[in-house]
S.K.: 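The structure follows.
Note that the structure is a prediction, hence the values are computed from the model and not measured.
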Amino acid sequence: MKAATFSLLLAGTACAGDAITLNTKPAPTDWVEAVKQALVVYENKDTFITKVALTTRQQWQMASVQPNGSNGLHIKNGGTPYNDEFRRNWIGANVYTRTGTQFHTYVRIGGLPVRDTYSGGFTKKNYSYTGFYDIWLKQQISSVKGLSVRAGKFAPAFTSDFRMSNASMPCVERSFIANQFGLDTNWGVEVNYTAPDKNNILYMQLMANDRASGSCAPAHRDKYGRGDGFKGEFGWEDKCFAILGGTHKFNVSESGYHAISAEYMHDFSSKYHGNKPGSNNYGFGFKDALSIGYEIKQNKLTFTANAVAAFEQQNGNGSNNVGIQLQPVYAIHPNVDLVFRYTGMTGDGACKLAADRYICTQSTASSWVDSIHAFYFGVNLYASAKYKDAARLMFGAEYATARKDGKDHYNGWEYTTAVRFNF
């Protein structure tokens with residue numbers, strides 16, 4: 001009776017006997033497919049709600065920052081070179097309807113240990129809060145195949161790095177030129193057109209504030225300590241920026257493809273509640289930014305190049321920034337990838353060294369410098385060659401060097417290890 005009642009709710013006018021069709025597909029032979037099928041709690045193409053599936057993503061990682069010279073001269077007072085954390089730990093759901101509507105959400109699991117911070121000679125252990133990482137509703141427009149509208153909280157799509165899901169990115173963390181914008185999930189609306197052959201994509205995003213890395217900063221910890229993490233800090237009048245972008249694939253074959261991409265991002269306001277630029281700035285840190293990308297995928301090799309120019313930096317002296325990222329990934333085995341990444345950027349006081357997750361957390365280096373060069377070497381081991389995003393073990397080493405005021409400011413290694421799951 002309970003099963004029939006549940007099915008009637010989902011089926012609407014469908015009869016209970018026809019609606020009780022809870023994931024009766026043949027048992028898969030692949031273990032990843034078996035896990036994904038186990039997470040499908042309801043599936044029936046004849047009812048209004050055609051599918052309900054649970055989803056989860058986790059990442060635990062550790063890092064050791066090793067500046068050149070004695071650690072005692074570079075590591076913060078009360079700190080150590082080592083840090084570990086639950087970088088991501090989300091549970092969520094996807095709900096699909098026969099009208100082309102999708103509802104998606106990821107909820108952060110609260111109370112888990114995240115990275116340590118060091119201030120005033122002591123260590124502070126931070127913990128995750130409970131809140132929506134993203135929550136959105138997407139509607140396919142039936143009159144134009146490939147056109148969709150999405151509204152809610154989701155990730156901005158700017159730079160080659162940020163257009164890639166954090167379940168798929170081949171490095172433990174994104175590059176300096178991507179992370180300098182601090183683009184976490186934001187409230188907004190998106191219009192997307194993806195051609196039926198998937199070779200052309202055009203999109204526009206209009207985003208409000210509520211950037212998680214800003215609104216959940218230590219200055220706002222009282223808000224989340226009261227259990228108000230789900231409320232966020234939403235307000236179009238506070239901060240608003242837009243992204244216009246597109247991708248074109250060509251020379252598509254069985255062995256791979258070539259693709260070019262471009263995105264333009266504009267911040268409509270440089271102030272927050274009447275304060276000067278840089279005060280509680282929930283935008284992307286610059287007035288305007290342009291990204292040009294090129295990707296080649298041929299058999300075992302994937303190569304990505306991305307150039308970025310950002311104008312009128314908002315947190316310092318307002319200077320401009322240019323940067324480039326070169327990233328080849330080569331599969332030496334179906335379950336093993338080698339990764340290399342070079343990132344370089346320059347701009348008078350406009351290069352965000354704090355875009356690295358640990359250098360400015362652990363060391364005494366300044367957040368903003370005049371130039372950065374970084375070289376990442378990594379190895380990824382995949383539990384499934386067919387579904388690489390499902391489970392992987394990642395090892396990375398990155399050497400970064402930075403200059404400020406005409407002098408060497410910081411240089412050293414950072415060693416990272418991560419375990420990432422995505423189902």
S.K.: Consider only side-chain N and O atoms of Gln66 and Ser64, and report whether a donor and an acceptor are under 3.5 Å apart.
M.R.: yes
S.K.: Only one of Val107, Asn89, Thr185 forms a side chain to side chain contact (heavy atoms under 4.5 Å, CB included) with Tyr133, so which one is it?
M.R.: Thr185
S.K.: Look up atom CD in Gln325 and atom OG1 in Thr159, then write down how far apart they are to the nearest 0.5 Å.
M.R.: 7.0 Å
S.K.: Is it the case that over 12 heavy atoms from other parts of the model lie below 6.0 angstrom from the NZ atom of Lys407?
M.R.: no
S.K.: Of all the heavy-atom pairs spanning Ala167 and Arg392, show the shortest one and how long it is.
M.R.: O-NH2, 3.3 Å
S.K.: At their closest point, which heavy atom of Tyr203 faces which heavy atom of Ala157, and how far apart are they?
M.R.: OH-O, 2.8 Å
S.K.: I'd like to know if Glu398 pairs up with Arg341 as an ion pair, taking the criterion as any Lys NZ or Arg NE/NH1/NH2 lying under 4.0 Å from an Asp or Glu carboxylate oxygen.
M.R.: yes
S.K.: Using the ring of Phe154 (Phe, Tyr or Trp, six-membered ring only), decide whether Arg150 places NZ or CZ under 6.0 Å from its centre and within 45 degrees of its axis.
M.R.: yes
S.K.: Measure up the His266 and Tyr264 rings against each other and bin them: parallel (under 30°), tilted (30 to 60°), perpendicular (over 60°).
M.R.: parallel
S.K.: Give a yes-or-no answer on whether the side chains of Ser363 and Lys76 include a donor-acceptor pair shorter than 3.5 Å.
M.R.: no
S.K.: Answer yes if the side chains of Ser175 and Asp161 hold a donor-acceptor pair under 3.5 Å, and no otherwise.
M.R.: yes
S.K.: Between Glu263 and Ser291, is any side-chain donor less than 3.5 angstrom from a side-chain acceptor?
M.R.: yes
S.K.: Under 6.0 Å between ring centres, would you say that holds for Phe340 and Tyr376?
M.R.: no
S.K.: Other residues, nucleotides and ligands only: do more than 12 of their heavy atoms fall within 6.0 Å of CG on Leu202?
M.R.: yes
S.K.: Step through it carefully: locate the ring centre of Phe286, locate the ring centre of Phe181, and say whether they are under 6.0 Å apart.
M.R.: yes
S.K.: Report the C-alpha distance between Gln58 and Arg88 in whole Å, list the side-chain angles of each, state the deciding distance to 0.1 Å, and finish with yes or no for side-chain contact (heavy atoms from CB on, under 4.5 Å).
M.R.: CA-CA 5 Å; Gln58 303 91 28; Arg88 297 175 179 89; 5.9 Å; no
S.K.: Does NZ or CZ of Lys388 fall inside the cone over Tyr382's six-membered ring, less than 6.0 Å from its centre and within 45° of the axis?
M.R.: yes
S.K.: Would you kindly say whether Glu295 and Tyr257 are connected by a side-chain donor-acceptor distance under 3.5 Å?
M.R.: yes
S.K.: Compute both the distance and the angle, then confirm whether Lys287 meets the cation-pi test with Phe311: under 6.0 Å from the six-membered ring centre, within 45 degrees of the axis.
M.R.: no
S.K.: Under 3.5 Å, side chain of Ser261 to main-chain N/O of Ile292, donor-acceptor pair present?
M.R.: no
S.K.: Regarding Asp408 and Arg403, does a basic nitrogen lie under 4.0 Å from an acidic carboxylate oxygen?
M.R.: yes
S.K.: Pairing donors with acceptors under 3.5 angstrom, does anything connect the side chains of Tyr342 and His373?
M.R.: yes
S.K.: Cation-pi check, Arg57 to Phe423: give yes when NZ or CZ is under 6.0 Å from the six-membered ring centre and within 45° of the ring axis, no otherwise.
M.R.: no
S.K.: I'd like to know whether the aromatic ring centres of Tyr399 and Phe375 sit less than 6.0 Å apart in this structure.
M.R.: no
S.K.: Where the side chain of Ser128 meets the backbone of Leu112, is there a donor-acceptor pair that is under 3.5 Å apart?
M.R.: yes
S.K.: Verify, without hydrogens or angle tests, whether Asp370 (side chain) and Gly349 (backbone) share a donor-acceptor contact under 3.5 angstrom.
M.R.: yes
S.K.: With rounding to the nearest 0.5 angstrom, report the CG to CD1 distance, Asn306 to Ile324.
M.R.: 8.5 Å
